[in-house]
Amino acid sequence: MEEFSHEFLEKIDERINEIRYNIKKARQIQAFIASKIKEKAIENFQIVAALDCSYFSNKIVTTIVIYDLINRRIIEERTKILNVNFPYIPTLLFLREGPYMVRMIKETKYSADVYLVDGHGRLHPYKAGLACYVGYLIEKPTIGVAKKKLIGEVKWINENIGNVIYENEILGKVVKVCNKEYYISVGNLIDLETCIKVFFSCIEGCHPYPLLKAHELATNTAKKLAKGI
DNA sequence: GCGACAG
DNA sequence: ATCTTGTCGC
Ligand SMILES: [Mg+2]
């Protein structure tokens, strides 16, 4: 299998025109990332960080919200506005949002025990969603949380939780919180069971609080851009 | 060929 | 994701 350096992967957006019309190369990158993903249980998680992106025109707004699960407080928030150059293509979201998220994490004052990404992790046709790209490059436990299913068949275990199976493998879980579904999957360095524990620890007022805040921050910033503020 | 399709 | 106000319902 072809190998790709962190340097190459982190700056993939700088050579996006080489990749843009070369789906085969994108699939090779995804196969490489998928081969590097590790799953393990983790015990202590107090600080979590949530990442999201929003858009206005050709601008991408990337946000991070770092949250203390014990004291129930946001300890850091950041927003960055840059140009986007890759379109949204299902299964290739990592090329559009991934590099911005990784850079955002590296600029942060605090480090988190677990990172939550708005998008799928291993619950992806090549087992290499956006959260896997981010988790592989930051080398920290990372979870993918998506609001809609990309692939797989749901097998409900009970009213509020189910497995999502793809090609005879459990690649993710679906959980219902206040009647709303979330698809959870491994990004990197954490196992699916721990992903579920972390996700539920984040729930506050019917929402995965840090992700909601990151989403609001990104959306509100994009709306201000639209108004010319 | 047709339909599905994270954000 | 974004374009968009008020309005229906728990
Ligand atoms: Mg998003």
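A note on names: the letters A, B, ... follow the listed sequences, proteins ahead of strands, and every chain is numbered from 1.
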#### Entry: Distance test, side-chain N/O of H215(A) to OP1/OP2 of dA1(C), below 4.0 Å
yes
## Note on the structure
Separation of dA6(B) atom C1' from Y182(A) atom OH, nearest Å, is 15 Å
### Task
State whether S54(A) places a side-chain N or O below 4.0 Å from either non-bridging phosphate oxygen (OP1 or OP2) of dT2(C).
yes
### Query
Rounding to a whole Å, what distance do you find between H124(A):NE2 and dA6(B):P?
11 Å
### Message
For the CG atom of L9(A) and the OH atom of Y133(A), what is their distance to the nearest 0.5 Å?
### Response
6.5 Å
### Query
Do K197(A)'s NZ or CZ and the ring of F199(A) fall within the cation-pi criteria of under 6.0 Å and 45°?
no
### Task
Taking only the side-chain nitrogens and oxygens of Y88(A), find out if one of them lies under 4.0 Å from OP1 or OP2 of dA6(B).
yes
### Message
Applying a 4.0 Å non-hydrogen cut-off, can you work out what L92(A) is touching in the nucleic acid: base, sugar-phosphate, or nothing?
### Response
base
### Summary
Whole-Å distance, K148(A) NZ to dC5(B) P, equals 8 Å
### Query
For atom CD of E107(A), is the number of surrounding heavy atoms from other residues, nucleotides or ligands below 6.0 Å larger than 12?
yes
### Task
Under 4.0 Å between any heavy atoms, over every strand shown, what does L130(A) touch: base, sugar-phosphate, or nothing? Just pick one.
base
#### Entry: Atom-to-atom span, OH of Y183(A) to P of dG7(B) - whole angstrom
10 Å
#### Entry: Distance in angstrom units between K227(A) NZ and dC3(C) P, rounded
12 Å
### Y209(A) six-ring centre to R72(A) NZ/CZ under 6.0 Å and within 45° of normal
no
### Query
Does K147(A) put a side-chain nitrogen or oxygen below 4.0 Å from OP1 or OP2 of dG7(B)?
yes
### Nearest-angstrom distance from the residue atom NE2 of H120(A) to P of dA1(C)
13 Å
### Summary
Given the options F4(A), F32(A), F94(A), Y136(A) meets ring-ring contact (aromatic ring centres under 6.0 Å, His included) only with F32(A)
### Query
How does DNA chain B look in dot-bracket notation if pairs are Watson-Crick or G-U with both distances under 3.5 Å, crossing ones as [ ], other-strand ones as |?
.......
### Query
Where the side chain of A222(A) is defined as all heavy atoms beyond and including C-beta, which of dT2(C), dA6(B), dG7(B) is the nearest nucleotide?
dT2(C)
### Query
Between atom CG in L150(A) and atom C1' in dA4(B), what is the gap in whole Å?
9 Å
### Task
Identify the two heavy atoms, one from V134(A) and one from V102(A), that lie closest to each other, and give their separation to 0.1 Å.
CA-CG2, 4.0 Å
### Query
For Q30(A) and dA6(B), what is the distance between atoms CD and P respectively, to the nearest whole Å?
15 Å
### Summary
Across all chains, not counting sequence neighbours, the side chain to side chain donor-acceptor pair (under 3.5 Å) partners of D118(A) are K147(A)
